[in-house]
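Here is the structure we will look at, set down as structure tokens.
In what follows, residues are counted from 1 in the order of the sequence shown.
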Amino acid sequence: MSIREQQPFEGTMRRIFPITIGLAVLGFMGNFFSVPFFFGVDFIFGSIAVMIAIPLGIVPVLIVAVAGGLYTIVLWGHPYAAIIFAAEGLVVALLYRRGQRNIVMADLLYWLIIGVPLVLVFYRGAIQMPMESAVLIAFKQSLNGLFNALLAGLLSLGVKTAISKTRGYYANPRELSVVLFYALILPILLAGGIPIIYQGYDYRSQQEAFLAEHMQNTAQHLLLDIQKTRTSDPDELHEKLSQYQTDSDVLLAILGHDGQVIAHVGEVIDTLHYEGHFESIGYELEMWLPEGDMSVMNKWKFGRYRLSTKVPDDELLATIVVQKAAAPLVLRVERNSLKMFTWLSVLVILGVLGGRIISTWLSKPLSSLSRVAAETINGVVVTDRYGRVEWVNEGFTRITGYELAEVRGKNPGAVLQGPDTNKDTVATIRGSLDNGEGFDVEILNYKKDGTPYWLQINCNPLLNDGGVMQGFIAIETDITERKAIEDERDKEHVFLEKAQELGHIGTWELDILQNVFQWTDENYRIFGIRIGTEISYELFLVRIHPDDREYVDREWNAALNGKPYDIEHRLLINDQIRWVREKGEFFYDSDGEVIRAIGVTQDITDLKAI
């Protein structure tokens, strides 16, 4: 890599690197501040930072994805979510590079083709989850990813909107289509997702409240029975506990003041003999979760709910403990959530596809118009009310060599005008802009590489619905070639005029239908008539010597009827006689009527004097 190539590359890396690091931190924090849904299923937000990083390139995306994925290892106890997380960013970034600017659509493609199968392979195969649980995770992960992609898109849109207020950013039709897509899909996600997620929370809450009530009733009835019999014999207590064991997954125990088990039915779990910990979950319930190398979801399925009730005023008995295996409740909540996520997934997929179709349809007319503006050979410039560039099309870039970023916020004249630009034309443009008026001028400008070129600029003010001027739009046509032709024609005309002057030969043309004469400057000089005077046949005859007028008139009329016109006659100019030779050619229509004549007049005075 040459030094010149290396410097822009290093400059780009210096700009991208701090942004990448910042997004990596946000990705990690987005997963750190996760929102628990139920039993080891959490909504995470780290992929928002990954999606925002996509325009930066594949390497920044992978850095942010790996940084965010690290916390999922801590959160769920396995690396598979981090792998899926990184693969999501990589695939969406590749699709973005291939032209798919709608990251929600790109993310949907990832989950349908790659993401969901990966979840099933890892969670069902590697972690040995039940298929029902693995499918639930697949639905949750894909919906979580789509939601994060939408949030990232909205955040990016917000940044661009903020830029537009300060730098005149204009969205192209593809971006406007994405904006419409977001506007359509966001209400679907909110209207469908929030009630379903709330119902999931509420269902778990109801199930745990019902379980807590059942366990409390069991403990209270057992307490009353113990207080009634006043027994502390372990065998009698065991018999009573057996009477209250309604299900095999209900475990009962009575503890002494030293925490030792006096009597129990089933294997009651405590932290002294089992590796695990208790978590308070409300309703006076605690949840015991085992330690070990297993997923968080599996820990919940192997966990147990525990409710403790004090035994008052008893010297031996201290606490009644009711434990129940969590697996049945976890499975019920999972099945309910699976059903909810299935409906939400169908709703989101239909919403995304429908939103894509509708947004494309709505933006199609604007896309066609923009394509015309972008692909036209003319340059199109949009400025604010002060004449500062807000947007240019590709035609402008082709003509001038300047990209939008190089001229945005600048006055076009300050960039394009040069030493040979006509000052009067510049003053006309400035006066029109100051007065809020349009203008139509031809001007010499200079390209980015310094090459001069000619433009025809047609500029008009842009008004809002209230008639207030918001800026200007200019259509610029490159007329350099036309100007070159005109210059060449002017040179030829000057050369011809000079040749006629030196040879004393003038040319003339007559439109017989319109009775319009056209003379060259030398023809005017030969006849002694001021250049530019309107010529008529009568004025022509006046300049002919009185003795030759009848002859010339007769020959002219004969020529109109087909006789060749090649005559010599005298002119009388300021009492001076001059001799001329005239020769003409006549043209006829399909009916044989003369319609046009051209000819030459040669001053032969000097020849006659020999």
Is the number of heavy atoms from other residues, nucleotides or ligands under 6.0 Å of Arg97 CZ greater than 12?
no
Enumerate the side chain to side chain donor-acceptor pair (under 3.5 Å) contacts for residues 47-57, please, sequence neighbours excluded, ordered by first and then second residue.
Ser47-Asn148
Kindly indicate whether the side chain of Leu23, heavy atoms from C-beta on, has any atom under 4.5 Å from the side chain of Pro60.
no
For Phe122 and Tyr80, take the angle between the two ring planes, folded into 0 to 90°, and tell me which bin it lands in: parallel under 30, tilted 30 to 60, perpendicular over 60.
parallel
Gln227 atom CD, over 12 foreign heavy atoms within 6.0 Å
yes
Backbone of Met287 reached by a side-chain donor or acceptor of Arg306 within 3.5 Å:
no
Nearest heavy-atom contact between His238 and Val265 is O-CG2, 3.9 Å
Should the heavy atoms of other residues, nucleotides or ligands under 6.0 Å from OH of Tyr203 be counted, would the total exceed 12?
yes
side-chain contact (heavy atoms from CB on, under 4.5 Å) between Leu95 and Tyr110, intermediate numbers included:
CA-CA 9 Å; Leu95 290 174; Tyr110 164 77; 5.7 Å; no
When you look at CZ of Phe147, are more than 12 heavy atoms from neighbouring residues, nucleotides or ligands closer to it than 6.0 Å?
no
Looking at His221, I'd like to know if its NE2 atom is crowded, meaning that more than 12 non-hydrogen atoms belonging to other residues, nucleotides or ligands lie closer than 6.0 Å.
no
What do the steps show when you test Asp225 against Tyr244 for side-chain contact (heavy atoms from CB on, under 4.5 Å), and what is the final call?
CA-CA 10 Å; Asp225 198 355; Tyr244 287 92; 3.3 Å; yes
Heavy-atom count check: over 12 atoms from other residues, nucleotides or ligands less than 6.0 Å from Glu284 CD?
no
Ignoring hydrogens and angles, state whether a donor on the side chain of Glu88 or Trp111 is under 3.5 Å from an acceptor on the partner side chain.
yes
Considering all heavy atoms, the nearest Leu241-Leu252 contact
O-CD1, 3.3 Å
